[in-house]
Structures are given as structure tokens and as C-alpha cells.
K.L.:
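Okay, handing you the structure first.
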Amino acid sequence: MDEESIDQVQRIVEGALMAAGKPLSVDQLQALFDEHEQPTRTVLEHVLSLIEHACEGRGFELRKVASGWRFQVRESLSPWVSRLWEEKPQRYSRALLETLALIAYRQPVTRGEIEEVRGVTVNTNIVRTLLDREWIRVVGQRDVPGRPSMYATTKQFLDYFNLQSLDELPSLAEVRDLETISREVEDRLQEELALDESNGNSQEDAETNE
């Protein structure tokens, strides 16, 4: 593929990522093109690399997460960008964050196993909130009396925390206890919520200007 064609592919990919409002995989980007003009995965990965480098030094970046690639405001700018909105991001309870952390580190895990570690009952609303946000999902039933549901995190969870895989979570050796884990999760969550609002509002502005 010649340089002019690569430039055209780059413009199409940039436009698609701006319009999508969600991460796009290489397969999804490839599907944008007619069969006779469809770039190879190698070409698309090269184009994504070009876009990634072109964003260096800018207020936004091209970031690869579990579901694919997306444009987003740089995390370092969240203290300023978050001031665009008067309403503060929702703060989640320590109990919810501890539950989320336990599922992330010990998945697949049942509600009873979470309660055994935390020493208290897990409120049904906590599990419902995590399911509604699509941060966790039911992956099966434990083969014990009652066959309780087992929970695990989702790609949406990884996307929200800018992770490509669970391997990027800090090891348990790096965190001291549940309080430390939940505090780190909460801090990261508040940053991501602010960035998510900024990226979502930028998308709305782009659609309004079209």
C-alpha cells in the first residue's frame, strides 16, 4: 500500500475512533472498508502506531484497552478537565469497592466467598450495581450445595480502568490489605469517571457540530 493510501486509511481510522464513542478493535476497523480496498491487519496496526505517535505531546492520546483502541483525555489532565462539570462524579461506598477488588483478584468468586473474606454480608444492591455497570458478570455456578453464582470482571471493567488484561493489575504482593486495595480502586475510579465525562461530552460536542 502506497503512502497516499496509508494516509487515507489513517484519516478513516481517526474519524471512526472519534465518532464511535467506544473502543474499536482491529477487526471492527477493518470491517469499515469494502472488501476490494480492505487494509490488512498489519497495515491497520501500522496506522494505529502512526496515530499513537502523532498524539504525543497532545492533551489526548490513543489508548489500547481490552475492547480495542480509543481516543481519550490524558489522565494527567483530569484535575483541570474535571472542573468543566459542576456535578461531582458519583462516589462509591467502600463496601462496593472492596467487593469489586475481591472479584478482580479472586475471580471466579461467589458472594459467599466474598462475605467470608470481608466478614460481613454483601448487600444485594452492591452486586446489582456492579452488574448494571457491566463491570462484573455471572460466569457459572459453583458445584456445591445451592450452586451459588460465580462472578468475574468484564472487558468493560478493563476498559474503564485503562487495562488491556487482568495481568496489568498490581500483584497482591504490592498491596497490603483490603483497605489499601479499595482506596486505590476508588482513586482510580474517580479519575476514570472524570475522564469518561470529559470524553463523553467531547463526543456530544462533535456530534452537535456535524
K.L.:
Provide the closest heavy-atom pair for Lys64 versus Gln164 in the form atom of the first, atom of the second, distance.
P.N.:
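Minimum heavy-atom contact is O-CG, 3.3 Å.
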
K.L.:
Given the ring of Tyr160, does Arg133 sit roughly above its face, with NZ or CZ under 6.0 Å from the centre of the six-membered ring and within 45° of the axis?
P.N.:
yes

K.L.:
What I'd like to find out is whether the side chain of Asp7 reaches to under 4.5 Å of the side chain of Glu3, using heavy atoms alone.
P.N.:
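Touching, per the 4.5 Å side-chain cut-off.
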
K.L.:
Look up atom CZ in Arg137 and atom CD in Gln107, then write down how far apart they are to the nearest 0.5 Å.
P.N.:
8.5 Å

K.L.:
Counting only N and O atoms by type, is there a donor-acceptor contact under 3.5 Å from the side chain of Arg74 to the main-chain atoms of Arg58?
P.N.:
yes

K.L.:
Does the side chain of Trp69 come within less than 4.5 Å of Glu52's, by heavy atoms?
P.N.:
yes

K.L.:
Could you pull out the closest heavy-atom pair between Ser67 and Asp159, with the gap in Å?
P.N.:
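Heavy-atom minimum between the residues: OG-OD2, 2.6 Å.
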
K.L.:
We want to know whether Glu75 and Asn162 form a side-chain donor-acceptor pair, criterion being a heavy-atom distance below 3.5 angstrom.
P.N.:
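A donor-acceptor contact under 3.5 Å links the two side chains.
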
K.L.:
Starting at OG1 of Thr129, measure out to CD1 of Ile136 and round the result to the nearest 0.5 Å.
P.N.:
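Between Thr129 OG1 and Ile136 CD1, I get 9.5 Å after rounding to 0.5 Å.
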
K.L.:
Could you note down all residue pairs passing side-chain hydrogen bond (donor to acceptor under 3.5 Å, both in side chains) where residues 22-37 supplies at least one of them, sequence neighbours left out?
P.N.:
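Listed by first then second residue: Ser25-Gln28, Asp27-Arg41.
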
K.L.:
Is there a path of hydrophobic side-chain contacts, each under 4.5 Å between heavy atoms, that joins Phe60 and Val47?
P.N.:
yes

K.L.:
When you compare the side chain of Glu113 with that of Arg142, does any pair of heavy atoms fall below 4.5 Å?
P.N.:
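Yes. Closest side-chain heavy atoms under 4.5 Å.
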
K.L.:
For the residue pair Gln10 and Glu14, confirm or rule out a side-chain donor-acceptor distance under 3.5 Å.
P.N.:
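Gln10 vs Glu14: donor-acceptor pair found between side chains.
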
K.L.:
On a heavy-atom basis, which atom in Arg106 and which in Val117 lie closest, and how many Å separate them?
P.N.:
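The pair with the smallest heavy-atom distance is NH1-CG2, 3.4 Å.
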
K.L.:
Can Val109 be reached from Val139 by stepping across I, L, V, M, F, W or Y side chains whose heavy atoms are under 4.5 Å apart?
P.N.:
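Different clusters: Val139 never reaches Val109 through Ile, Leu, Val, Met, Phe, Trp or Tyr contacts under 4.5 Å.
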
K.L.:
Which pair of non-hydrogen atoms, one from Ala16 and one from Leu32, has the smallest distance, and what is that distance?
P.N.:
CB-CD1, 3.5 Å

K.L.:
Let me confirm one number: the CG-OG1 distance from Leu131 to Thr154, rounded to the nearest 0.5 Å.
P.N.:
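Here the rounded value is 9.5 Å.
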
K.L.:
If the threshold is 4.0 Å, N to carboxylate O, is there a salt bridge linking Glu98 and Arg118?
P.N.:
yes

K.L.:
Is it true that a side-chain atom of Ser49 and a backbone atom of Glu45 form a donor plus acceptor pair closer than 3.5 Å?
P.N.:
no

K.L.:
Give a yes or no on whether Met18 and Val65 share a hydrophobic cluster (residues Ile, Leu, Val, Met, Phe, Trp, Tyr; joining criterion: side-chain heavy atoms under 4.5 Å apart).
P.N.:
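Not linked; separate clusters.
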
K.L.:
What is the minimum heavy-atom distance between Cys55 and Glu61, and which atoms define it?
P.N.:
CB-CA, 4.0 Å

K.L.:
Calculate, to the nearest 0.5 Å, the distance between atoms CD and CH2 belonging to Gln156 and Trp135 respectively.
P.N.:
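CH2 of Trp135 is found 11.0 Å from CD of Gln156.
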
K.L.:
Provide the closest heavy-atom pair for Leu17 versus Leu62 in the form atom of the first, atom of the second, distance.
P.N.:
CD1-CD1, 3.6 Å

K.L.:
Count I, L, V, M, F, W, Y as connected when their side-chain heavy atoms are under 4.5 Å apart, and connections chain through other members. Are Leu100 and Tyr105 then in the same cluster?
P.N.:
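Yes, same cluster.
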
K.L.:
Just by modelled atom types, is the Val73 backbone N or O under 3.5 Å from a matching donor or acceptor in the Arg63 side chain?
P.N.:
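Side chain of Arg63 to backbone of Val73, a donor-acceptor pair under 3.5 Å: no, none is there.
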
K.L.:
Which distance, rounded to the nearest 0.5 Å, do you find between the OH of Tyr151 and the CD1 of Ile114?
P.N.:
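Rounded to the nearest 0.5 Å, the OH-CD1 separation comes to 8.0 Å.
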
K.L.:
For the side-chain contact (heavy atoms from CB on, under 4.5 Å) test, which of Leu102, Ile103, Leu96 pairs with Thr99?
P.N.:
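Only one of Leu102, Ile103, Leu96 forms a side-chain contact (heavy atoms from CB on, under 4.5 Å) with Thr99, namely Ile103.
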
K.L.:
Run Phe71 and Ile51 through side-chain contact (heavy atoms from CB on, under 4.5 Å) and show every step you take.
P.N.:
CA-CA 10 Å; Phe71 284 123; Ile51 298 172; 3.8 Å; yes

K.L.:
Is there a side-chain contact (heavy atoms from CB on, under 4.5 Å) between Leu166 and Leu163 once you walk through the steps?
P.N.:
CA-CA 7 Å; Leu166 291 170; Leu163 303 171; 5.9 Å; no

K.L.:
Output, in order, the C-alpha distance, side-chain angles, deciding distance and verdict of side-chain contact (heavy atoms from CB on, under 4.5 Å) for Ile126 and Asn123.
P.N.:
CA-CA 5 Å; Ile126 288 177; Asn123 190 302; 4.1 Å; yes

K.L.:
Assess the side chains of Thr124 and Arg111: does a donor N or O sit below 3.5 Å from an acceptor N or O?
P.N.:
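The criterion, which ignores hydrogens and geometry beyond distance, is satisfied for Arg111 and Thr124.
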
K.L.:
Determine whether Glu115 and Val120 satisfy the following criterion, side-chain contact (heavy atoms from CB on, under 4.5 Å), listing intermediate values before the conclusion.
P.N.:
CA-CA 5 Å; Glu115 292 174 345; Val120 294; over 6 Å; no

K.L.:
Taking atom CG of Leu48 and atom CG of Leu29, what is their separation to the nearest 0.5 Å?
P.N.:
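Reported to 0.5 Å precision, the distance equals 6.0 Å.
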
